Amino acid sequence: MPTNLLRFILALVLLPWLWTAAGAQAVSFPEFGSAIPGHKDVTYLDLARMVIPDLTGDSNGFYKGGLPIEMRHIEGPDGGGSPPETSGLSNAGVLAVKAGGKDRLVMLYDLGDSPDSAEGYAVLALYDITGKPKLLDAVNVAVDRSTYFRESGKLSVGAGDDVLITMSTHFNSSQGYVITPLIMVRDDKFELVDMIYTFDENLCAYRRTQDVAFQTIADGQPYAAIKVTVTDATASSDESCDEQPPEPESHAISVTYHWDKTASHYVKDSDALDKLAGENAKRF
């Protein structure tokens with residue numbers, strides 16, 4: 001089965017889970033040929049071509065193009081792989097955000113597999129469409145095979161600022177791997193806050209899940225604190241299995257990120273999520 005078709009099927013499976021939180025309708029998937037807000041003569045395809053200049057649609061509504069423009073990886077110079085020589089997609093996630101008190105539009109394009117990395121290649125693009133539309137920034141945010149906006153896609157950290165929430169994932173027969181980057185916009189450029197690593201198992205005798213929740217807390221800083229809570233829960237499957245299930249239990253692991261004005265970035269108050277990621281890696 002073609003990779004892009006697999007990604008489309010996976011997206012359909014994930015959508016109900018990804019956007020069950022309040023405000024979940026913030027992310028949309030408009031037709032590429034439809035006009036962007038406030039510009040009846042400019043389409044989402046015009047915006048996409050600022051990233052993939054030769055992107056062209058076929059009669060089935062699928063779009064293909066060559067290499068995207070050059071861009072950095074959100075993790076830095078050592079992150080990510082090369083883009084696919086041929087990009088293919090049917091739509092992109094679209095999200096209106098606030099950045100520095102200004103209205104901005106963000107689009108997320110999952111371009112498929114990287115030729116030299118186990119990760120995919122996904123472009124997060126920032127646009128100013130308040131006047132003549134222009135591309136302000138673009139980064140590769142893929143940290144696993146398939147990449148989406150998570151939940152509502154954003155978290156308000158002030159009257160004029162949002163933090164973006166994406167996720168990259170892959171699954172095998174009994175395990176699900178999810179990496180959730182938190183990304184802010186400053187001076188019309190994307191900046192990584194941190195990445196949260198979670199791991200689910202669905203075995204014969206039991207199911208272990210790690211669900212992530214986000215909360216902002218006003219603390220007198222220019223940007224609100226961000227509390228991230230992972231609920232690690234194990235439940236018996238009630239199936240007849242050879243293995244003995246562990247005792248059912250659930251516990252929460254929380255870390256709060258506070259804005260440090262001196263360092264000019266978010267700082268977390270513990271390494272609890274890093275320890276969780278290390279423990280998860282031992283179960284792969």
Side-chain angles (χ1 to χ4, degrees), residues 18 21 72-80 117-119 122 124 139-145 147-158 161-171 175-186 189-201 206-235 246-284:
L18 295 180
R72 68 195 185 281
H73 193 275
I74 192 63
E75 286 187 279
D78 296 328
S117 172
E119 302 168 358
L124 189 67
V139 292
N140 176 14
V141 294
V143 287
D144 207 330
R145 293 178 191 164
T147 301
Y148 315 90
F149 281 117
R150 181 165 190 153
E151 296 168 352
S152 63
K154 63 183 179 181
L155 197 62
S156 176
V157 292
D161 288 284
D162 295 316
V163 164
L164 302 169
I165 310 172
T166 63
M167 63 177 285
S168 291
T169 183
H170 81 273
F171 298 88
Q175 298 175 325
Y177 308 79
V178 180
I179 305 174
T180 303
L182 297 177
I183 302 168
M184 68 184 305
V185 180
R186 285 205 304 152
K189 300 295 180 184
F190 293 117
E191 294 182 9
L192 180 66
V193 175
D194 201 5
M195 295 196 291
I196 297 96
Y197 297 79
T198 51
F199 178 53
D200 291 351
E201 286 184 293
Y206 69 95
R207 174 175 171 80
R208 183 172 176 181
T209 59
Q210 294 178 344
D211 296 327
V212 187
F214 306 92
Q215 177 187 2
T216 55
I217 304 168
D219 60 355
Q221 297 298 321
Y223 303 102
I226 303 170
K227 183 178 181 180
V228 179
T229 301
V230 175
T231 301
D232 191 346
T234 301
E247 288 294 321
E249 68 94 24
S250 178
H251 64 279
I253 305 121
S254 294
V255 168
T256 301
Y257 297 81
H258 295 274
W259 182 255
D260 186 322
K261 286 196 293 187
T262 302
S264 195
H265 59 71
Y266 274 101
V267 176
K268 53 192 171 187
D269 64 358
S270 89
D271 62 354
L273 294 179
D274 299 316
K275 290 180 178 178
L276 176 65
E279 294 167 1
N280 286 342
K282 297 176 183 177
R283 297 193 287 126
F284 291 174

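Quick caveat: nothing in here was measured; it's all calculated off a predicted structure. Just so it is clear, the values below take in all heavy atoms, side chains as well, and ignore hydrogens, waters and symmetry mates.
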**Asked** Out of L164, I196, L155, L192, which residue meets the side chain to side chain contact (heavy atoms under 4.5 Å, CB included) rule with L182?
**Response** I196
**Message:** Tell me which one of D274, D194, L273 satisfies side chain to side chain contact (heavy atoms under 4.5 Å, CB included) with V255.
**Reply:** L273
Provide the closest heavy-atom pair for [X] versus [Y] in the form atom of the first, atom of the second, distance.
X: Y266; Y: A225; value: CE2-CA, 4.5 Å
X: V141; Y: H73; value: C-NE2, 4.5 Å
X: T229; Y: S254; value: OG1-OG, 2.8 Å
X: S250; Y: T231; value: OG-CG2, 3.5 Å
X: T216; Y: S156; value: CG2-O, 3.1 Å
X: R145; Y: A118; value: CG-O, 3.4 Å

**Message:** Any side-chain to backbone donor/acceptor pair from R283 onto E201? Under 3.5 Å, distance only.
**Reply:** no
**Message:** Taking T256's backbone N and O only, do any of them form a donor-acceptor pair with D269's side chain (distance below 3.5 Å, no angle check)?
**Reply:** yes
**Message:** Under a 3.5 Å cutoff, is there a donor and acceptor pairing between the side chains of Y177 and D144?
**Reply:** no
**Prompt:** Do N280 and Q210 get their side chains close enough for a donor-acceptor pair, meaning under 3.5 Å?
**Reply:** yes
**Item:** Straight-line distance of D211 CG to D200 CG, nearest 0.5 Å
**Value:** 6.5 Å
**Asked** For the atom pair CZ (F214) and CD1 (I226), what is the distance rounded to the nearest 0.5 Å?
**Response** 9.0 Å
**Request:** Would you sort out whether D232 and H251 count as a side chain to side chain contact (heavy atoms under 4.5 Å, CB included), showing the intermediate values?
**Result:** CA-CA 5 Å; D232 191 346; H251 64 279; 3.7 Å; yes
**Item:** Heavy-atom neighbours of E247 CD exceed 12 at 6.0 Å
**Value:** no
